[in-house]
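Working notes, structure below.
Read the numbers this way: they start at 1 and go in the same order the structure lists the ligands and their atoms.
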Amino acid sequence: MHTAQGLTAGVARGVGRTALLVAAARAIETHRPDALARDPFAEHFVRAAAASASWPVRPGQVPDGDADPLWGRLGRYFALRTRVLDDHLLRSAHLGVRQVVLLGAGLDCRAYRLDWPPGCAVYEVDTAEVLAFKQTVLDRLRAAPAAERRALAADLRDDWADVLLAAGFDPAEPTAWLAEGLLLYLPAAAERRLVATIDRLSAADSTLAYEIKDLVESPQVRSSPVYTTTRRRIGIDLLALFDGEPRPDSAAELASLGWTVTIRTPYDFTRRHGRGPLPEPNDALAANRWIFAAASRDGATASGARTTASGVTPGPPTAGPPPPPGSP
Ligand SMILES: C[S@@+](CC[C@H](N)C(=O)[O-])C[C@H]1O[C@@H](n2cnc3c(N)ncnc32)[C@H](O)[C@@H]1O
């Protein structure tokens, strides 16, 4: 049997290591009295990988507290993002969606820690190495998922639809899609393909949430202490990992395909929850946007008909009303 230490290669290098970074932030947040989200599994991933075994997993282990650019500010950003996307997915599930697809799932434990309605399937797509490490740690903890969980190894730069379909995913049923902290690392062409695939596989009433960051338009963020501290302290050069190409306008593309699209800044949710990062000079988070999209209720797209659970519904493109301010 593999040990977690023997499987750390995929999470110890390259973009896989960013999954540990998010896990450490979730671990620290879990132990705050005012936690926005709690993930009891997160600290076990951090401790199990040699690359992160010495990172903090509790607020008391963060030297400068909230002022710490890495575990304070960036950590609270990840905590806020986790909470907002937890709420978003659960809202979709409680409105009737029974398929959830986490693209670039990393060490996300939503399949285990959220209160899913009966009959929910959660598909996790990431690299084989990251998923193998995750599985080893979860098995050791004897963790039991709260939904039907299917972990799928695929390179999201390539064609991943067949892997999903072969695992039982049903494109005729609505889906809640999530790409949390993923598109930043993908080449522009891969992002375009990914969005086109999601659109093709989405029945009416599907939802999609994702995060983008436009570094080309915001070059000043490169000197942010968040990046310099992350590189110096834990050896992760986020700016080198982010794809440097100009980003495609996926929100506009989705809108043209008939999705209702809402664009938010993280600060919208800092205000809403009363906790989280606020703007600062040389702000690493100034270029971040969280996008929430919903496939139109009548199933129509600009490019043609969308398959629904009850068949194919033709019709004109509709944008639908935007959600109330502040809600994803
Ligand atoms: C910053 S982590 C975010 C993980 C998770 N969404 C979360 O928020 O906890 C980025 C994840 O995307 C995955 N990833 C990046 N590029 C990928 C690709 N081309 N194919 C599959 N997974 C990829 C990495 O392995 C990593 O787990």
Side-chain angles (χ1 to χ4, degrees), residues 7-30 36-39 41-46 49 51-52 70 74-86 88-89 100-114 122-135 137-138 151-161 163-164 176-194 197 208-213 226-227 230 234 236-243 266 284-285 288 290:
L7 282 166
T8 56
V11 285
R13 62 164 185 260
V15 74
R17 198 163 171 200
T18 62
L20 286 170
L21 171 62
V22 181
R26 289 191 182 127
I28 294 167
E29 183 73 11
T30 296
L36 286 166
R38 291 203 160 87
D39 181 343
F41 306 100
E43 68 182 88
H44 296 278
F45 297 123
V46 179
S52 55
L70 169 53
L74 186 60
R76 288 233 99 172
Y77 171 77
F78 289 136
L80 180 67
R81 190 178 79 179
T82 301
R83 168 59 182 277
V84 168
L85 297 174
D86 282 0
H88 173 74
L89 290 176
V100 178
V101 180
L102 309 175
L103 297 167
L107 304 175
D108 172 333
C109 284
R110 289 187 171 94
Y112 293 80
R113 62 181 181 79
L114 295 186
V122 177
Y123 297 85
E124 299 183 2
V125 188
D126 208 294
T127 64
E129 289 165 306
V130 168
L131 291 173
F133 168 75
K134 181 178 190 174
Q135 196 63 55
V137 175
L138 289 169
L152 308 176
D155 188 333
L156 291 162
R157 292 169 297 188
D158 300 334
D159 187 359
W160 44 270
V163 176
L164 193 59
W177 301 91
L178 178 64
E180 179 184 22
L182 170 71
L183 299 187
L184 302 68
Y185 305 101
L186 297 188
E191 178 175 332
R192 282 194 202 92
R193 262 199 312 278
L194 183 130
T197 304
L208 163 65
Y210 64 93
E211 177 188 35
I212 53 161
K213 174 189 276 294
V226 164
Y227 295 128
T230 305
I234 59 171
I236 298 182
D237 187 346
L238 287 169
L239 289 170
L241 292 171
F242 293 151
D243 185 90
L285 305 177
N288 288 44
W290 296 346

Check: Where does Ala23 meet ligand 1, judged by heavy-atom distances below 4.0 Å: at the side chain, the backbone, both, or neither?
Finding: neither

Check: In the protein, which heavy atom is nearest to atom 20 (N) of ligand 1, and how far is it?
Finding: Leu156 N, 2.9 Å

Next item on the list: State whether the shortest distance between N or O atoms of Gly104 and N or O atoms of ligand 1 falls below 3.5 angstrom.
Entry: yes

Margin query: Could you identify the single nearest non-hydrogen protein atom to atom 19 (N) of ligand 1 and state the distance to 0.1 Å?
Written below: Asp155 OD1, 2.9 Å

Next item on the list: Answer yes when Lys134 and Glu124 have at least one side-chain N-carboxylate O distance shorter than 4.0 Å, and no when they do not.
Entry: yes

Next item on the list: If you have a sec, work out which protein heavy atom is nearest atom 1 (C) of ligand 1 and how many Å separate them, to one decimal?
Entry: Thr18 OG1, 3.1 Å

Notebook entry, point to check: Short list, please: which atoms of ligand 1 are under 4.0 Å from a heavy atom of Arg81?
Noted result: 8 (O)

Checklist line | Identity of the nearest option to atom 27 (O) of ligand 1, non-hydrogen atoms only, from Leu85, Asp126, Leu103, Val130 | finding: Asp126

Check: Which of the numbered atoms in ligand 1 are below 4.0 angstrom from a heavy atom of Val22?
Finding: 1 (C), 8 (O), 9 (O)

Checklist line | Under 4.0 Å to a heavy atom of Ala19 - the qualifying atoms of ligand 1, by number | finding: 2 (S), 27 (O)

Check: Tyr112: what forms a ring-ring contact (aromatic ring centres under 6.0 Å, His included) with it, not counting sequence neighbours?
Finding: Phe41

Note to self: Taking 4.0 angstrom as the limit and counting only heavy atoms of Ala154, give me the atoms of ligand 1 inside it, by number and element.
What the structure shows: 20 (N), 21 (C)

Item checked: Contact with ligand 1 for Arg26, non-hydrogen, under 4.0 angstrom -> yes

Next item on the list: Answer side chain, backbone, both or neither: which part of Ala190 comes under 4.0 Å from ligand 1, heavy atoms only.
Entry: neither

